[in-house]
Visitor: 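Have a look at this one before I ask anything.
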Amino acid sequence: MPYDYDDQNIFAKILRGEIPSTPVYESEHSLAFPDISPQKKTHILVIPKGPYRCFDHFVQAASAEEQLDFFKAVAEVAKQQGLSEAHGGNGYRIISNSGPDSLQEVPHLHVHVLGGEVVGPLTA
Ligand code: 5GP
């Protein structure tokens with residue numbers, strides 16, 4: 001099934017500069033900024049700059065360069081935020097909600113990077 005993309009979603013507006021954000025990381029194809037409603041001490045959202053609705057859409061339609069850039073962005077954020085064990089941190093969790101059953105709220109692919117404290121059980 002082909003995916004549609006609503007360019008009026010909040011992250012598309014952030015990418016166009018129509019809604020303010022405070023980026024903590026930016027690369028050619030990706031952007032990261034704090035979640036407006038943090039669920040843990042550290043809660044960063046990493047998004048691709050391209051118009052992808054969810055993880056499946058991204059894997060289906062994004063170029064290899066965009067995909068690599070995105071995965072590196074997630075790791076770079078974990079490092080920069082002092083979360084990755086390889087860089088003295090205590091670990092972290094990444095979550096990406098995809099579609100209705102996951103309760104995905106914003107229809108632009110994003111990975112939540114959560115840490116800075118014990119994150120807790122995998123699902124509520
Ligand atoms: P989802 O449920 O789609 O996986 O997560 C969407 C996330 O986006 C939520 O954690 C929510 O707090 C966050 N969010 C919604 N609107 C904004 C916004 O305008 N700015 C930022 N930084 N985060 C937002």
Side-chain angles (χ1 to χ4, degrees):
M1 180 193 89
Y3 286 100
D4 54 353
Y5 178 80
D6 171 13
D7 69 2
Q8 292 308 305
N9 76 74
I10 241 126
F11 296 166
K13 290 181 179 177
I14 284 177
L15 283 166
R16 291 195 295 268
E18 295 166 13
I19 288 182
S21 71
T22 48
V24 296
Y25 176 85
E26 181 166 13
S27 60
E28 187 180 355
H29 297 293
S30 310
L31 184 72
F33 47 87
D35 195 291
I36 202 169
S37 173
Q39 300 300 306
K40 292 293 161 203
K41 205 175 276 180
T42 303
H43 186 172
I44 306 292
L45 299 171
V46 187
I47 67 173
K49 291 181 177 175
Y52 306 109
R53 181 193 175 112
C54 62
F55 186 75
D56 311 86
H57 187 197
F58 184 65
V59 169
Q60 208 176 80
S63 68
E65 190 183 323
E66 287 172 290
Q67 294 189 32
L68 183 60
D69 183 284
F70 184 65
F71 282 107
K72 282 187 169 173
V74 173
E76 200 52 46
V77 165
K79 173 182 169 185
Q80 168 216 90
Q81 295 292 316
L83 305 177
S84 47
E85 289 181 279
H87 298 93
N90 215 33
Y92 60 97
R93 180 174 297 155
I94 57 178
I95 296 174
S96 188
N97 293 317
S98 232
D101 275 1
S102 73
L103 303 182
Q104 180 181 6
E105 215 179 275
V106 180
H108 181 111
L109 170 64
H110 50 283
V111 164
H112 300 256
V113 180
L114 298 154
E117 61 185 312
V118 174
V119 177
L122 185 56
T123 57

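Position 1 is the first residue of the sequence, and the numbers go up from there. In this text, all values refer to a predicted model and were calculated from it rather than measured experimentally.
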Visitor: With sequence neighbours excluded, what pairs up with Ala62 under the side chain to side chain contact (heavy atoms under 4.5 Å, CB included) test?
Guide: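 Tyr52, Phe58, Glu66, Gln67.
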Visitor: If the condition is side-chain hydrogen bond (donor to acceptor under 3.5 Å, both in side chains), which residues does Asp6 pass it with, not counting sequence neighbours?
Guide: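 If we apply the side-chain hydrogen bond (donor to acceptor under 3.5 Å, both in side chains) test to Asp6, skipping adjacent residues, there are no hits.
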Visitor: For Lys40, check side-chain hydrogen bond (donor to acceptor under 3.5 Å, both in side chains) against everything at least two apart and list the hits.
Guide: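 Scan of Lys40 (side-chain hydrogen bond (donor to acceptor under 3.5 Å, both in side chains), adjacent residues dropped) gives none.
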Visitor: Taking the side chain as everything from C-beta on, heavy atoms only, tell me whether Ser27 gets closer than 4.5 Å to Lys72.
Guide: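 No, every pair of side-chain atoms sits at 4.5 Å or beyond.
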Visitor: For His110, enumerate each residue passing the ring-ring contact (aromatic ring centres under 6.0 Å, His included) test, keeping only those at least two apart in sequence or located in another chain.
Guide: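 Checked His110 against ring-ring contact (aromatic ring centres under 6.0 Å, His included); matches are Phe11, His112.
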Visitor: So, using salt bridge (Lys or Arg N to Asp or Glu O under 4.0 Å) as the criterion, who are the partners of Asp4 when residues are at least two apart?
Guide: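 Salt bridge (Lys or Arg N to Asp or Glu O under 4.0 Å) list for Asp4, sorted by chain: Arg53.
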Visitor: Taking side chain to side chain contact (heavy atoms under 4.5 Å, CB included) as the test, write out the residues that go with Pro23, two or more places apart.
Guide: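 For Pro23, the residues satisfying side chain to side chain contact (heavy atoms under 4.5 Å, CB included) (neighbours in sequence not counted) are Ser21, Leu31.
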Visitor: Can you give me the closest heavy-atom contact between Leu109 and Ser96, atom names plus distance?
Guide: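 Heavy atoms only, the tightest pair is CD1-OG, 3.4 Å.
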Visitor: Taking only residues two or more places apart in sequence, or in another chain, which ones meet Glu28 in a side chain to side chain contact (heavy atoms under 4.5 Å, CB included)?
Guide: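 Applying side chain to side chain contact (heavy atoms under 4.5 Å, CB included) to Glu28 gives Glu65, Asp69.
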Visitor: Looking at side-chain heavy atoms only, is the closest gap between His108 and Leu15 below 4.5 Å?
Guide: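 Result yes, sub-4.5 Å side-chain heavy-atom pair found.
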Visitor: Let me confirm one number: the CG-CD1 distance from Leu45 to Ile10, rounded to the nearest 0.5 Å.
Guide: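 That separation rounds to 12.0 Å.
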Visitor: Can you name the closest pair of heavy atoms from Tyr92 and Val113 and give their distance?
Guide: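 In this case the closest contact between Tyr92 and Val113 is CD1-CG1, 4.1 Å.
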Visitor: Is Val119 reachable from Leu83 through a run of I, L, V, M, F, W or Y residues, each pair having side-chain heavy atoms under 4.5 Å apart?
Guide: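 In one cluster: no.
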Visitor: If you round to the nearest 0.5 Å, how far is CG of Leu122 from CD1 of Ile95?
Guide: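 These two atoms lie 7.0 Å from each other.
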Visitor: My understanding is that only residues two or more places apart in sequence, or in another chain, count here; which of them pass side-chain hydrogen bond (donor to acceptor under 3.5 Å, both in side chains) with Asn9?
Guide: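 Asn9: side-chain hydrogen bond (donor to acceptor under 3.5 Å, both in side chains) contacts with Tyr5.
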Visitor: How far apart are the closest heavy atoms of Tyr3 and Cys54, and which atoms are they?
Guide: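 Heavy atoms of Tyr3 and Cys54 come nearest at CE2-SG, 3.8 Å.
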Visitor: How close do Ser102 and Ser98 get, counting heavy atoms only, and between which atoms?
Guide: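 Ser102 and Ser98 have their closest heavy atoms at OG-N, 2.9 Å.
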Visitor: Ignoring hydrogens, what is the shortest heavy-atom contact between Ile44 and Ala32? Give both atom names and the distance.
Guide: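 In terms of heavy atoms, the two residues are closest at CG2-CB, 4.0 Å.
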Visitor: Apply side chain to side chain contact (heavy atoms under 4.5 Å, CB included) to Glu105 and list each qualifying residue two or more places apart in sequence or on a separate chain.
Guide: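 Listed in chain order: nothing, the list is empty.
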Visitor: So for atom CG, which belongs to Asp56, do other residues, nucleotides or ligands contribute more than 12 heavy atoms lying within a distance under 6.0 Å?
Guide: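 Yes, the 6.0 Å shell around CG holds more than 12 heavy atoms from other groups.
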Visitor: Identify all side-chain donor-acceptor contacts of residues 73-80 below 3.5 Å with residues at least two apart in sequence or on another chain.
Guide:
| unit_1 | atom_1 | unit_2 | atom_2 | d |
| --- | --- | --- | --- | --- |
| Gln80 | NE2 | Val24 | O | 2.5 |

Visitor: With a 4.5 Å limit on heavy-atom distance, are the side chains of Tyr25 and Val46 in contact?
Guide: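 SC-SC contact between Tyr25 and Val46 ruled out.
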Visitor: When Ile, Leu, Val, Met, Phe, Trp and Tyr are grouped by side-chain heavy atoms lying under 4.5 Å apart, directly or through other members, which residues fall in the same group as Val118?
Guide: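 Once heavy-atom contacts under 4.5 Å are chained together, Val118 still belongs with nothing else.
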Visitor: Tell me every residue that passes ring-ring contact (aromatic ring centres under 6.0 Å, His included) with Phe71, counting only those two or more places apart in sequence or in another chain.
Guide: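 Testing Phe71 for ring-ring contact (aromatic ring centres under 6.0 Å, His included), a comparison that skips the adjacent residues, returns none.
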